Amino acid sequence: MPKIELDKAYDAKLVEDGIYRKWEESGYFNPDNLPGNRPEKFVVSMPPPNVTGVLHLGHALENSIMDIELRYQRLKGKRTLLVPGTDHAAVATQARVEDELKKQGIKQPRQELGREELLKKIREYAEEKKSVILSQIKKMGTSCDWSRLAYTFDEPRSKAVNEIFHRMFKDGLIYRGYRVVNWSVKGQSTCSDDELVYETVKTSVYTFKYSQDFPIAIATTRPETKLGDTAVAVNPDDNRYNKYIGQKFTVDVGAAKPLIITIIADKNVDANYGTGAVGVTPAHSQVDFEMYERNKDIGIIPVIGRDGRMLPAAGKDYEGLTILQAREKFVAWLKANDLFIKEEEVEHNVGKSDRFGDVIEALPMEQWFVDVKKQIPGRNKTLKDLMREAVTVGHNHDKNKIIKITPERFHDTYLHWIDNLRDWCISRQIWWGHRIPVWYCDNCGEIFYSDEPAEKCPKCKSVKVRQDEDTLDTWFSSGAWTFSTLGWPQKTADLEKYHPTTWMQMGYEILFFWMARMILMTTYALDDIPFKDVYIHGILRAKDGRKFSKSLGNGLDPLEIIEKYGTDALRLSLIKGTTAGNDARFYEEKAAAARNFVNKLWNISRYILSAADNPRLVETAPEPVTLADKWLLNKLNVKIAEATRQLDNCEFSLASEILYDFTWSDFADWYLEVYKVESQKLKDNNKEEILLYTLQVLLKLWHPYLPFITEEIWDKLAGERMLMVESWPGGKETKLWDKIKSLARLPVISGDNDFELVKDLITAIRNLRAENKIEPVKLVEITVIGAKTELWETQAEIIKHLARVEKLTLSASGVKPENSAIKVIEGAEIYLTLAGLADAGKETERLTKEIAVTEKYLNGLRVKLENGEFVKNAPKAVVEKEKEKLAVAEEKLAKLREQVKDF
RNA sequence: GGACACAUAGCUCAGUUGGUUAGAGCGCACGGUUCACAUCCGUGAGGUCGUAGGUUCGAAUCCUAUUGUGUCCACCA
C-alpha cells in the first residue's frame, strides 16, 4: 500500500455528509442487516422531538448520548436499533401556529378558518418542521434506522392510540366526568397539571364576612369567586368554630340567588392560619372541588365561564364582567355594606399556561379522564399499582422486569409523584391531535366507541350521531411510543424481536410527562415494561447558568456550532463534563477545545500514516521491544479496561476523559516523540506495527464519540471494512479485563513503571532548563547521579533528544559538577551545568523552598507510619506504599540539604 | 411548607463502593520557525475541597448541623 497523505488540518465539512451517506447506504443502521452473529439486541426509542420547531442544543445532547451508547453497543456486537421519530405535540403546535396566524392578521384563527382549514395550516407547518428536524438528526450523526421512521400522528400510531383508548374505555378506565380542570381562556382548552408554570406575584388578600350575622370571617385572593361559595370549612378541633359544623347559613352577597353556606369540617384547614376558616368555592378551586366531592350536598355553583367572564349565576350586577371588573365591584360592595374587614399584600403563586401564557382558571366541566385508582378488570390492580410495580418489585413481580433508573435518586421522585397522582385529564379542546374516538347518539343518548366515522347508533340505529369534538392529550400517544413504533397492535415481527426496548434516555423535566405515561401504557396494553434502563440527563444552560431561551436571546444553534467546529467536536463538547441527572453548561469555547482535540487525533493519524512504510490495519498487539513500547501497550490495555468499565456504567464523560488524556498526553506527547528517536536507531523492529495497532484501537475507542473522523481515518486504512460495525477492543479477552480491573485502583507497579521514571527525569531536566532561562534550541550538559544508572543508560538517546542534552554523564555515586543547578527526583540527582556561575542566591532560595515542602510532606508520612493503629488496620498494600514514599522522600530531602550546604 | 441536587484553582467542571503531595480544559505567566499538528510544543503559578462538629488508623469522599445556590412537588384560604 502506498503512503497516505492527509490534509494538514481536519475539515469536518468536507467529510461528514459523505460519511453519513455511506453509513446509510450500508444499511447497518437497520439491525436486520448487521453483519456477524449478534444474539443480543440493544433497542432504543428516540424521544420524538416536537414538530413545534427545529432542534436546539438539548436535542443535540440527547442525540449525542443516544448515539454514543448505540455505537458502543454496536461495536460490542449487539444487534442495535434506534427508532427515530417526531411528535405532533398537540397543544404546543396548535398554539404556535395560531400565534403565527394572529401575527399575519387572522385575529381568531379557529372561527375565521374553521376546523379543516386550520388543521391544514398546522399540518403544513408540522411537515415543514419535521423535515428540518430529520435532516438535523442526520447532521448529528445519529445512527438511527430510517426505515422505521415514525410520527406520533401517522396512520400506524393513530391506530395504536385508538386501540388503547378502546381497551381502556371497555375496561371502564376512561370515563367522562364533571371536574374542575385547568382552563386556558386564551387557548380555549384544558391543560394538564404539568403543563402549568407557576409565577410568584404580589396580590391582595381580602378578609371579609358574608353577612353581618355570619359567625366566621374568611379571606381570599379571589373575591369574585366568592359569589359561588357553598361552604366554609373549619378544622374539627377548632373550638372557636366547631360548634357551627353542620349548620347552614343563607346569605345574600348579590349573586343570582342567595347563597346557602354550610359549615363543614376539614382537617386540612389550619386553625392558626389567617382567620382559621376557608371559604369553599367548589366550582373554581381544585382543592375546594375535592371537599365538595366528600360533601356533595353543599352544592356547586359555577360563576365564571369559559370566556373568562362572569356567568348569570354570579348575579345580574356581575354577569358579563371580566374577572378583574367583578373583583373590584365585589370588594366595593363589601365595603359599602360594612362586611369588609381588611386588605393585605401577599406573595402568591399563580398558575399560567405553559403553551398559551395566560393565567389558568379553575373551571368545572365535562372532560375525559383516565382513572388511575380503579381496579383493572381481571387484573386485581390499578394503573397506579402498575406504574409503581415496574420500578420496585418488577412488573407482575417479575424480577427481570424491573426498570432501573440512573441516577437512582429519580427513583424516589418518581414514586412520590405516583403517590400524588390524580386521574389524568386526557381531553383537550383543540383540533390538532387524535380526535377522541367516541360518538354520541342524539336520539337515544348512547355513547359508543368507533375509530372510523360512525353512520348510525349501534343501539337505536339512529343516524343522528356525532363524534366528540375534543382531541387527546399529546402524551396519550407518546406514552405508547416504545411499542406503537414497532407496529402494535398488530403482532409484528418487530414487536416480537425488539420489544421491550433495552435502554432509554430522557431529560428529568419529562420524567413525569413521559416516562410515567410510557410505563402506564405499556404495562396496561402489553403487560410488559417499555424498557429496562432509563438514563436521566439534565438540561443545558448558558455559561452564566441561565437556561437557554428565546426570550433571553441566548440560544445557540447546534447547526452553527457544527458549521464552525464540526459535529464530532460538538458531540464531544456536549458530553465532556456532563453527568447523569445534572445540568451542564455549554458555551462556544468548549466546542473549540473539542475541535482542537479532533484535529489532534487527525494529526496523530496523519503522522502515523506518513511514517508507516506500509499503512494498514494491524489488529493484534505486536510484541513490545523497547521500554517505551512496553509502557505504551500496557497503558493502552489499562485504558481500554477503564473506558469499557465507564461506558458500561453510562459514565460517558469519564470515559471520554480517560481516552482524551491517553490520546493526547501519553500517546502523542510522549510515545510519538520517543518513537521519532527510537525509529531512527532501531531498524527491523515492531515500531510501525505498534503505531498502527494503537491507532486502530484508538479509532474504535473514539468511534462512539467521534463517529465521523474515526470512520474517515479508518477508511484510509481499511478500505472496504466499515468502522461502525467492527468490534470493540479486547472484547474477547475477558480474563485480561478482570485482571486489570482488580489492579485499577492502584498504580501498576511493574517494569513499565521505569518509563515513568524516564519521563520524570526528562521533565526535571526541562524544568531546570526553563528555570535557568536556557533557550529551547540550546543543547546542555547534564550529570545524573544515582542508583538507576543502567536505566538511564539504556534510555540515554531518548533523554538526550527529548530534553535536548548534548552530554549526559551518568554515575552511581559520582562527584557533583561545578557551577550547576540541581533537581532531585526518585533515584536520581540531576545536575545541569551552567555556562557561568550559578546564581547562588536564587538557587538557595529555590532549594530552601523545596526543602520546606518536602519536610512537610515527609513529616506527614512519618506521623502516619508511626501511628500503630494505621499500621495495624490499614491494608498491607497501603502501608507498603506509604513506606516506599517515605524512603523516596527521605532520600530526596537528604540530597537537597547536601546541595544547599554547598552554596 | 416538603423533597432532592449542587458548593473543589480566576472560569467551567472531573474526582464511581474512604487510602494520589486533590486533577483536566479554558484563562494566566515565561519560553519556543524541532520536517504530524501554532486548532501546536515545553515549563510554571494558582486550591487549608462552603462553614462547624462527628465517625475512622485515615475524609473532598460517610454522618449531623449550618450557610448559600438551584430544581421539583404541594400550596394557605
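Naming convention: chains lettered A, B, ... in sequence-line order (proteins, then strands); numbering from 1 in each chain. Nothing here was measured: the structure is a model prediction, and the numbers come from that model.
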Is it true that [X] and [Y] have a side-chain N and a carboxylate O under 4.0 angstrom from each other?
X	Y	answer
Glu651(A)	Arg645(A)	no
Glu678(A)	Lys687(A)	yes
Glu673(A)	Lys676(A)	yes
Glu890(A)	Arg862(A)	yes
Glu361(A)	Arg222(A)	yes

Could you tell me if the side chain of [Y] sits less than 4.5 Å from the side chain of [X], heavy atoms only?
X	Y	answer
Val780(A)	Ile782(A)	yes
Leu832(A)	Ile765(A)	no
Glu826(A)	Lys892(A)	no

Quiz item: Centres of the Phe214(A) and Tyr210(A) rings: under 6.0 Å?
Solution: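 Yes - the distance between ring centres of Phe214(A) and Tyr210(A) falls below the 6.0 Å cut-off.
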
Practice problem: Determine yes or no for a side-chain-to-main-chain donor-acceptor pair under 3.5 angstrom, with Lys384(A) supplying the side chain and Leu421(A) the backbone. | Solution: yes

Closest nucleotide among [options] to the [X] side chain:
X	options	value
Phe870(A)	G19(B), G25(B), G32(B)	G19(B)
Arg409(A)	A5(B), U16(B), U39(B)	A5(B)
Lys543(A)	U71(B), C11(B), U43(B)	C11(B)
Asp669(A)	C57(B), C37(B), C41(B)	C41(B)
Ile604(A)	A36(B), C40(B), C73(B)	A36(B)
Leu654(A)	U16(B), C11(B), U71(B)	U16(B)

Rounding to the closest angstrom, what is the interatomic distance between [N] and [M] at atom [atom1]?
N	M	atom1	value
C6(B)	U64(B)	P	14 Å
U61(B)	U48(B)	P	16 Å
U17(B)	C62(B)	C1'	11 Å
A5(B)	G44(B)	C1'	37 Å
C11(B)	G46(B)	C1'	13 Å
A52(B)	A59(B)	C1'	15 Å

Please determine if a side-chain N or O atom of [X] lies less than 4.0 Å away from the OP1 or OP2 oxygen of [N].
X	N	result
Lys600(A)	C41(B)	yes
Lys8(A)	A38(B)	yes
Trp417(A)	C4(B)	no
Asn603(A)	U39(B)	no
Asn596(A)	U39(B)	no

Sugar-phosphate only, base, or nothing, as touched by [X] at under 4.0 Å among non-hydrogen atoms:
X	value
Asn582(A)	sugar-phosphate
Thr579(A)	sugar-phosphate
Arg766(A)	sugar-phosphate
Lys856(A)	nothing
Ala668(A)	base
Thr281(A)	nothing
Ala593(A)	sugar-phosphate
Glu673(A)	base

If you restrict it to nitrogen or oxygen atoms, what contacts under 3.5 Å exist between nucleotides 74-77 of chain B and the protein, and what is each distance?
from: C75(B); atom 1: OP1; to: Arg422(A); atom 2: NH2; distance (Å): 3.1
from: C75(B); atom 1: N3; to: Asn349(A); atom 2: ND2; distance (Å): 3.1
from: C75(B); atom 1: N4; to: Asn349(A); atom 2: ND2; distance (Å): 2.4
from: C76(B); atom 1: O2'; to: Tyr273(A); atom 2: OH; distance (Å): 3.1
from: C76(B); atom 1: O2; to: Tyr273(A); atom 2: OH; distance (Å): 2.9
from: A77(B); atom 1: OP1; to: His348(A); atom 2: ND1; distance (Å): 2.6
from: A77(B); atom 1: OP1; to: His348(A); atom 2: NE2; distance (Å): 3.4
from: A77(B); atom 1: O3'; to: Ala219(A); atom 2: O; distance (Å): 2.1
from: A77(B); atom 1: O3'; to: Thr220(A); atom 2: N; distance (Å): 2.7
from: A77(B); atom 1: O2'; to: Ala219(A); atom 2: O; distance (Å): 2.6
from: A77(B); atom 1: N6; to: Asp270(A); atom 2: O; distance (Å): 3.1
from: A77(B); atom 1: N1; to: Asp270(A); atom 2: N; distance (Å): 3.4

Quiz item: In terms of ring plane angle, is the pair Tyr705(A) and Trp702(A) parallel, tilted or perpendicular, where the classes change at 30° and 60°?
Solution: perpendicular

Quiz item: Once the angle between the rings of Phe597(A) and Trp664(A) is folded into 0 to 90°, is it parallel (under 30°), tilted (30 to 60°) or perpendicular (over 60°)?
Solution: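 Answer is tilted, since the angle falls between 30° and 60°.
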
Please evaluate the base of [N] for a donor-acceptor partner in the side chain of [X] within a cut-off of under 3.5 Å?
X	N	value
Arg585(A)	U12(B)	no
Lys872(A)	C57(B)	no
Gln646(A)	U16(B)	yes

Quiz prompt | Paired stretches of RNA chain B - 3 or more consecutive Watson-Crick or G-U pairs, each distance under 3.5 Å | solution = B:1-7 with B:67-73, B:10-13 with B:23-26, B:28-32 with B:40-44, B:50-54 with B:62-66

Taking atom [atom2] of [N] as reference, at what distance in whole Å does atom [atom1] of [X] sit?
X	N	atom1	atom2	result
His801(A)	G42(B)	NE2	C1'	17 Å
Ile539(A)	C72(B)	CD1	C1'	12 Å
Phe512(A)	C73(B)	CZ	C1'	8 Å

Exercise. Assess whether atom CD of Glu343(A) is packed by more than 12 heavy atoms of other residues, nucleotides or ligands within 6.0 Å.
Key: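 More than 12 heavy atoms, drawn from other residues, nucleotides or ligands, come within 6.0 Å of this atom.
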
Quiz item: Taking for each residue the nucleotide of RNA chain B with the nearest heavy atom, is it Asn867(A) or Asn599(A) whose nucleotide lies nearer the 5' end?
Solution: Asn599(A)

Practice problem: Take Tyr10(A) and Lys547(A), find for each the nucleotide of RNA chain B with the closest heavy atom, and name the residue whose nucleotide sits nearer the 5' end. | Solution: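 The answer here is Tyr10(A).
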
List every contact pair, protein side and nucleotides 21-23 of chain B side both N or O, where the distance is under 3.5 Å.
from: U21(B); atom 1: OP1; to: Tyr857(A); atom 2: OH; distance (Å): 3.2
from: U21(B); atom 1: OP1; to: Lys885(A); atom 2: NZ; distance (Å): 2.9
from: U21(B); atom 1: OP2; to: Lys885(A); atom 2: NZ; distance (Å): 2.8

Practice problem: Check the side chains of Tyr508(A) and Asp583(A) for a donor-acceptor pair under 3.5 angstrom, ignoring hydrogens and angles. | Solution: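 Looking only at side-chain atoms, Tyr508(A) and Asp583(A) do form a donor-acceptor pair, the distance falling under 3.5 Å.
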
Self-check item: Lys864(A) to Phe870(A) six-membered ring, cation-pi geometry met (6.0 Å, 45°)
Solution: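 Output yes; distance and angle both within limits.
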
